[in-house]
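Just follow the structure's listing: the first ligand is 1, and inside any ligand the first atom is 1. Bear in mind that the values here come from a model prediction, so they are computed numbers and not experimental data.
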Amino acid sequence: MDGNGRWAKQRGLPRLEGHRRGVETVRTVTDAAREMGIRYITLYAFSVENWRRPAEEVSGLMGLLDYFLKRELDTLIKNKVRLHTIGRTEDLPANVQRELNRVKAATAGFTEWNLVLALNYGARTEAADAARAYATAVRDGREKLEDCSWERFNRYLYTADIPEPDLLIRTSGETRISNFLMLQLAYAELIFTPTLWPEFGKSDLQAAVDEYNKRERRFGLTSEQIKAGTK
Ligand code: IPE
Ligand code: MG
């Protein structure tokens, strides 16, 4: 979700106003995704690097997160959407952690629709946390060092119970990954759109999915193998 600040600046508004508009886009996009049958949607809401923004912006973003969780709880339950988080949520403000736990607990029984919020997330931090967790498991006799493979290691990532993304969309014209799900995106299709996040809507999501559907995903195989249905 990129471009909130620029959206606000273009209108002579404070950056936080862009973030406020960005929260409305979250509702629009998650509703549209569900209508389109997308069962998992992950939003990069706050990175481990974002703490270094001006203190006023950081506290504004935390306030918006708290507001979003309070406001969306009923809708998530009504639509049977389970909330997940990835990232070091233990370093978020106590009130935000409380809301997160409340919404996660209230939606824990849902399986079909899933909203994943990346909060205080960084792919490098995740890799380090996973390495530590795997090493701890080896030390405690729950894993064997010689068994370490991607299939086993990936269970120690924050995304252990979330499938790998098929499609990544980054808004606002930036063509970077910026420390987002770097291992999980290995075979994802990447789409970069100039649209700023506050202006991203259902038709933009549909356009990205249409583009995704035109691509041939080969996973290292040849086009001929894919066409012949090689698994
Ligand atoms: C939102 O957009 C990203 C969040 C951290 C929520 P930005 O705040 O990065 O907007 P730009 O890049 O300044 O336009
Ligand atoms: Mg940005």
Side-chain angles (χ1 to χ4, degrees), residues 1-33 40-72 75-76 81 83-93 95-97 99-100 103-104 114-126 158-159 162 165 167-182 184-185 188 190-202 204-205 207-208:
M1 302 188 284
D2 202 6
N4 293 349
R6 277 162 285 169
W7 180 90
K9 196 172 176 193
Q10 283 171 3
R11 286 158 181 79
L13 298 167
R15 292 180 56 85
L16 201 59
E17 210 42 59
H19 295 312
R20 259 188 216 114
R21 259 300 285 261
V23 170
E24 301 314 313
T25 304
V26 169
R27 169 67 82 80
T28 310
V29 168
T30 50
D31 282 352
Y40 285 84
I41 179 159
T42 302
L43 300 171
Y44 199 3
F46 196 84
S47 75
V48 292
E49 291 84 10
N50 285 149
W51 296 110
R52 293 163 62 201
R53 289 191 177 195
E56 187 187 292
E57 182 167 345
V58 171
S59 64
L61 283 166
M62 292 302 150
L64 274 176
L65 182 55
D66 184 65
Y67 160 80
F68 170 81
L69 292 165
K70 288 190 167 91
R71 190 187 77 171
E72 293 301 303
T75 312
L76 292 172
V81 181
L83 180 79
H84 309 252
T85 57
I86 53 172
R88 288 187 173 169
T89 51
E90 63 273 23
D91 297 331
L92 295 171
N95 65 312
V96 172
Q97 289 190 50
E99 284 308 312
L100 282 171
V103 179
K104 280 199 221 177
N114 298 273
L115 172 63
V116 186
L117 294 181
L119 295 168
N120 195 20
Y121 176 85
R124 290 174 172 177
T125 309
E126 179 182 32
Y158 305 145
T159 51
I162 298 163
L167 166 64
L168 168 91
I169 303 170
R170 182 169 185 159
T171 55
S172 88
E174 307 296 350
T175 46
R176 288 187 289 274
I177 298 294
S178 299
N179 204 12
F180 186 56
L181 295 176
M182 291 193 303
Q184 297 87 339
L185 289 171
L190 311 182
I191 290 183
F192 299 97
T193 167
T195 307
L196 303 175
W197 179 253
E199 290 178 329
F200 192 84
K202 187 176 177 177
D204 300 287
L205 182 64

Applying a strict 4.0 Å limit to heavy atoms, is [X] in contact with ligand 1?
{"X": "Gly22", "value": "no"}
{"X": "Ala45", "value": "yes"}
{"X": "Glu174", "value": "no"}

Just heavy atoms, cut-off under 4.0 Å: does [X] contact ligand 1 by side chain, backbone, both, or neither?
{"X": "Arg15", "result": "side chain"}
{"X": "Glu49", "result": "neither"}
{"X": "Asn50", "result": "side chain"}
{"X": "His19", "result": "side chain"}

Checklist entry - With a cut-off of 6.0 Å (strictly less than), are more than 12 heavy atoms of other residues, nucleotides or ligands near CD of Gln10? => result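 More than 12 within 6.0 Å, yes.
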Next on the checklist: Can you confirm whether more than 12 heavy atoms, excluding those of Lys9, are under 6.0 Å from its NZ atom?
Outcome noted: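 No, NZ of Lys9 has 12 or fewer neighbouring heavy atoms, counting only those of other groups under 6.0 Å.
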Item to check | Spacing of CG belonging to Asp66 relative to CD belonging to Gln97, to within rounding of 0.5 Å | outcome: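 It is 12.0 Å, given to the nearest 0.5 Å.
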Next on the checklist: How long is the straight-line distance from CD1 of Ile169 back to CG of Asp204, given to the nearest 0.5 Å?
Outcome noted: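 If we round to the nearest 0.5 Å, Asp204:CG and Ile169:CD1 are 9.0 Å apart.
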Is there a donor-acceptor pair closer than 3.5 Å between any side-chain N or O of [X] and the backbone N or O of [Y]?
{"X": "Thr171", "Y": "Asp2", "value": "yes"}
{"X": "Asn114", "Y": "Tyr40", "value": "no"}
{"X": "Tyr44", "Y": "Ser178", "value": "yes"}

Checklist entry - Can a donor-acceptor pair be found between the side chains of Glu49 and Ser47 at a distance below 3.5 Å? => result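 The criterion, which ignores hydrogens and geometry beyond distance, is satisfied for Ser47 and Glu49.
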Item to check | Backbone or side-chain N or O of Gly5 under 3.5 Å from ligand 1 N or O | outcome: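 The answer is yes, given that Gly5 and ligand 1 share an N or O pair closer than 3.5 Å.
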Checklist entry - In the protein, what heavy atom is nearest to atom 3 (C) of ligand 1, and what distance, to one decimal place, separates them? => result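 For this ligand atom, the closest protein heavy atom is Met1 O, 3.2 Å.
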Next on the checklist: Just to confirm my output: which protein heavy-atom neighbour is closest to atom 8 (O) of ligand 1, and how far is it?
Outcome noted: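 Closest protein heavy atom to atom 8 (O) of ligand 1: Arg53 NH1, 2.7 Å.
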Checklist entry - Considering only heavy atoms of Asn4, which atoms of ligand 1 have at least one such atom less than 4.0 Å away? => result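 It comes down to these atoms of ligand 1: 1 (C), 2 (O), 7 (P), 10 (O), 14 (O).
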Checklist entry - Within the stated cut-off of 2.8 Å, is an N/O/S atom of Asp2 closer than that to the Mg ion (ligand 2)? => result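 Yes, within the cut-off.
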